Amino acid sequence: MGSIRADGIQAGRLTPADYEANFSDIHAPLSKHEAIVESERCYFCHDAPCQTACPTSIDIPLFIREIATGNDLGAAETILSANIMGGMCARVCPTETLCEEACVREHAEGKPVKIGLLQRHATDELMASGKQPFKRAPSTGKKVAVIGGGPAGLACAHKLAELGHAVTIFESKDKLGGLNEYGIAAYKSTHDFAQREVDFILSIGGIEVKTKHALGCNIDIGVLRKEFDAVFVGVGLSGVNKLGLEGEESLSGVIDAVHYIAELRQAKDLSKLPVGRNVVVIGGGMTAIDAAVQSKKLGAENVTVVYRRGQPDMKASAYEQEVAQTNGVTLKTFAQPAALLGEGGKVSAVRFDETDHVSGRLTTTGGHYTLPADMVLTAIGQLFVPDGLGGADALALEAGRIKVDAERRTSVKGIWAGGDCVADGQDLTVAAVEDGKQAALSIHHALNS
Ligand SMILES: Cc1cc2nc3c(=O)[nH]c(=O)nc-3n(C[C@H](O)[C@H](O)[C@H](O)COP(=O)(O)OP(=O)(O)OC[C@H]3O[C@@H](n4cnc5c(N)ncnc54)[C@H](O)[C@@H]3O)c2cc1C
Ligand code: SF4
């Protein structure tokens, strides 16, 4: 299938009913009655800590009160005015480390108000109504180019369109949505939600979309700067880190996890997607966990995530780790890959060196073990690829990503940036949306002064 190297790896390990069940919504949505009952658990706190913990500062007590009084569409408008991707964020935010961790009911009784599910309830009601609650301001006559149609670019485009500017999104792929479309685990975003949300965002009007337009290929940032009044760069991270081991490029079955997940998300028929019998996933972040859980859900027999440090150091939250374990994934810590072993051009096992923290440094201990593997998914981090941002218009970088100030202005006048491609990013959908929104407000201010 597609472009993954999986010679001889079996597909169709499950029945159609198994695929259907395994890839259905991980959390069932609340019914109207359940939403009202849950909303009544909220204390409607003054200076609400949940709101402070939300990167987009959604007025959580207000929207929960609106749900409690039966005003679901008003609640949705409250959410979306702060976060236009409130529907996707309700599905993918690690609420257990953001708003719900901060909820006073979490501290008092270990049972936070289900803010994420309430947010989903309100935004789903609005999307089902077909209404677009935001109106465009009269045209300002200004034009803004947005490069990259992921969460950062879409949030920026929507806010600029609302403020009356004419926006053109240049997107390299043939669909908008970024990792919402190609990366988020399939069981978090079901029934083509990512594309439905894109359609909702574009329905405000004033946004032209040019897909298959890639910065560094058929568009040039210098030209865009001349043709548009402002430019926003939200190109995410298009590279991945390599293990640096022999066989990584040549052995079939060694696949980068982001690529594998993208194939899974675009698969029309999951029974056609090859998945190993013994899958080894290398890494400790959300991508590693999502790749592991989805491999298990595709019918792999043994799935092991191997991470070089301890469980508390993993970038995947404790909740994500628990999801992996309850889905039958084995987590092994304190080991790093030392060699990829192969037979007949296909991967057959991975040898690991055991590690430990010694005097604050991670070192190998001399111990090692080998895990059989017919599929190895590598998930050791993504990289910013500065294609098309060099030359006379070079943007300053910091720690390998674009340097921006608090308003998301880059080092080059007239160019803003946000989302995963900027330094200090949190690599979360909600943080990318906030970047896009803040950049749009800053662009609006600059174009009006
Ligand atoms: C596997 C995986 C699972 C994840 N799961 C979660 C999760 O559960 N919850 C969560 O909060 N976050 C999750 N994240 C992180 C989240 O998806 C990102 O933080 C978020 O998508 C960043 O948005 P962005 O707009 O900056 O970048 P992206 O979503 O990457 O969008 C960038 C867009 O720019 C386009 N582009 C790239 N290069 C060019 C170019 N040269 N010219 C034009 N267009 C270009 C891309 O095609 C893409 O559409 C996950 C990430 C991965 C990889
Ligand atoms: S902290 Fe919890 S109880 Fe207080 S407003 Fe937020 S959701 Fe409601």
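Residue indices begin at 1 and follow the sequence shown. Order of appearance sets the numbers: ligands from 1, and atoms from 1 within every ligand. Worth knowing before you read on, the calculation uses all heavy atoms, side chains too, and leaves out hydrogens, waters and symmetry mates. From a predicted model like this one, the values you see are computed outputs, not experimental measurements.
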With distance as the sole criterion, is a donor-acceptor pair present between the side chains of Ser271 and Asp269 under 3.5 Å?
yes

NE2 of His445: more than 12 outside heavy atoms within 6.0 angstrom?
no

For Val254, is there any backbone N or O sitting under 3.5 Å from a side-chain donor or acceptor partner on Arg5?
yes

Using 2.8 Å as the cut-off, note every protein N, O or S atom close to atom 8 (Fe) of ligand 2.
Cys42 SG

Of the options Asp229, Leu447, Leu224, which is the one that meets Lys143 in a side-chain contact (heavy atoms from CB on, under 4.5 Å)?
Asp229

When you measure from the side chain of Arg41 to the backbone N and O of Pro112, does any donor-acceptor pair fall under 3.5 Å?
yes

Verify, without hydrogens or angle tests, whether Asp435 (side chain) and Gly418 (backbone) share a donor-acceptor contact under 3.5 angstrom.
no

List by chain and number: which residues place a heavy atom under 4.0 Å from ligand 1?
Val92, Ile147, Gly148, Gly149, Gly150, Pro151, Ala152, Phe170, Glu171, Ser172, Lys173, Gly178, Leu179, Gly183, Ile184, Lys188, His213, Ala214, Leu215, Gly234, Val235, Gly236, Ile261, Met286, Thr287, Asp290, Gln382, Gly419, Asp420, Asp427, Leu428, Thr429, Ala432

A cation-pi test, strictly: NZ or CZ of Lys332 under 6.0 Å from the centre of the six-membered ring of Phe352 and no more than 45 degrees from its axis. Yes or no?
no

Test side chain to side chain donor-acceptor pair (under 3.5 Å), reference Arg91, set Thr190, Asp124, Thr429, output is Asp124

Parallel under 30°, tilted from 30 to 60°, perpendicular over 60°: which one fits the rings of Phe200 and His158?
parallel

